[in-house]
Amino acid sequence: MKQFKRIFALGLALVMTLGLMAGCADDSADKGSPSPSESQSQSPEPSEGQEGNYGDLSGALIEDGKLIMATNASFPPYEMTDDNNNIIGIDAEIAQAIADKLGLELQIDNIDFDAALLAVQEGRADVILAGLTYREDRDLVMDFTDSYATGVQVIIVREGDTTIAGTNDDLQLVDADGNVLEDIQIGVQRGTTGEIYCQDAHGTDHVTSLDNGSVAVQSLLNGQVDCVVIDNGPAQEYVASTPGLEILEASYVTEQYCAAVDEGNAALLSAINIALNELIEDGTVQAIMDKYIAAE
């Protein structure tokens, strides 16, 4: 965090970019428990050649025979909705593959990101997959799986409106006339690591926390914030589908995406980790990533 403070105290910076396929985000998720229209159940297909001994999940699940996943489907390409309002994306397909291995039905509940975190802690969801990154404070109330993907934080600005000046040791965010932006407003998604980093560096007065990435991007277009700090995956999607926006180029931070279960649910954590690592080793996770993220 000391490094984040040093970099952000001098100005905002951006991370390496990936080329991503376009997706469709849903920004209609409500806080709290999902309504029936916000839940998606998927019956598992028969799984062949299950390698792992996943252990006894009796008492480890909210409902026997079902894996309930909490997410926020406004984070393409990891979670989003298609034209029929089905939840799709990298996390949805990885969760389905895990559920298949465990012989469980997958139910995906689409709620706000911070509500998804609470759903796992309060026994309304078994697991969260939502572009979730490890943090020590989160680890106090949830148990994290092994990492299955790498995420990076980037900065979206209005095209030609803002640039980065200086070197990696002297980064500043400047306007089109070369003036350093000191009294900036940064748009972030509530509950994310981007929100934590920005608040820590600039204080809450300079950070506007919004329900999801699409609302943050709209706030940028409306001139309510000067930039948006968000993970590279959804940033690429938003910029590709929204004329007049661009992503700045400068290094910032790399994070690891994980799933998480309620603190102390060792049986479920172990089962998911075994299944997840099998899916990594047999190439399934990479194939899912390749489906949604184009090679550069």
Side-chain angles (χ1 to χ4, degrees), residues 8 11-31 72-83 85 89 110 112-114 130-131 151-165 171-199 201-250 252-253 292-293:
F8 252 126
L12 286 175
L14 161 82
V15 289
M16 52 189 154
T17 59
L18 298 169
L20 300 177
M21 295 176 61
C24 178
D26 170 33
D27 42 313
S28 62
D30 296 321
K31 290 184 178 180
N72 175 235
S74 298
F75 194 74
Y78 286 88
E79 33 269 324
M80 51 202 172
T81 55
D82 63 15
D83 293 339
N85 208 36
N110 178 25
D112 280 354
F113 181 79
D114 50 356
V152 290
Q153 294 277 324
V154 300
I155 302 166
I156 307 175
V157 297
R158 291 178 290 269
E159 204 166 44
D161 189 36
T162 311
T163 60
I164 287 287
L171 293 171
Q172 295 176 322
L173 191 65
V174 300
D175 64 20
D177 297 321
N179 301 309
V180 176
L181 296 178
E182 296 180 351
D183 190 26
I184 61 172
Q185 276 297 315
I186 308 163
V188 296
Q189 181 178 350
R190 186 177 292 106
T192 62
T193 52
E195 178 187 50
I196 298 297
Y197 299 152
C198 294
Q199 288 180 343
H202 289 278
T204 56
D205 290 345
H206 296 283
V207 178
T208 300
S209 299
L210 300 154
D211 287 342
N212 54 59
S214 59
V215 174
V217 167
Q218 189 59 51
S219 295
L220 175 62
L221 290 171
N222 294 341
Q224 297 165 309
V225 297
D226 298 298
C227 63
V228 170
V229 174
I230 195 170
D231 290 60
N232 182 64
Q236 293 285 347
E237 300 282 355
Y238 292 136
V239 169
S241 62
T242 310
L245 298 180
E246 62 181 345
I247 298 173
L248 296 180
E249 295 183 5
Y252 177 40
V253 65
Y292 291 92
I293 302 177

Roughly how far, to the nearest 0.5 Å, is the [atom2] atom of [Y] from the [atom1] atom of [X]?
X      : Y      : atom1 : atom2 : value
Glu79  : Asn72  : CD    : CG    : 7.5 Å
Gln236 : Ile230 : CD    : CD1   : 11.5 Å
Thr192 : Asn212 : OG1   : CG    : 11.0 Å
Ile155 : Asp226 : CD1   : CG    : 11.5 Å
Thr242 : Ile156 : OG1   : CD1   : 8.0 Å

Counterpart residues, side-chain hydrogen bond (donor to acceptor under 3.5 Å, both in side chains), relative to [X] (two or more places apart):
X      : value
Thr204 : none
Gln224 : Ser219
Asp205 : none
Gln218 : Asn222

Heavy-atom pair of closest approach, residues [X] and [Y]:
X      : Y      : answer
Val154 : Ala235 : CG2-CB, 3.3 Å
Gln153 : Val229 : OE1-CG1, 3.4 Å
Arg158 : Glu246 : O-OE2, 3.9 Å
Pro77  : Pro234 : CD-N, 4.3 Å
Cys227 : Val157 : CB-CG1, 3.8 Å

Exercise for review: Not counting sequence neighbours, which residues clear side chain to side chain contact (heavy atoms under 4.5 Å, CB included) with Ser209? List them please.
Suggested key: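 In terms of side chain to side chain contact (heavy atoms under 4.5 Å, CB included), with neighbours along the sequence ignored, Ser209 is linked to Val188, Arg190, Glu195, Gln199, Val207.
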When you measure from the side chain of [X] to the backbone N and O of [Y], does any donor-acceptor pair fall under 3.5 Å?
X      : Y      : answer
Glu237 : Phe75  : no
Tyr238 : Ser214 : yes
Asp231 : Gly151 : no

Check your understanding: So, Asp211 versus Gln189: side-chain donor-acceptor pair below 3.5 Å or not?
Key ->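 Distance-only check fails for Asp211 and Gln189.
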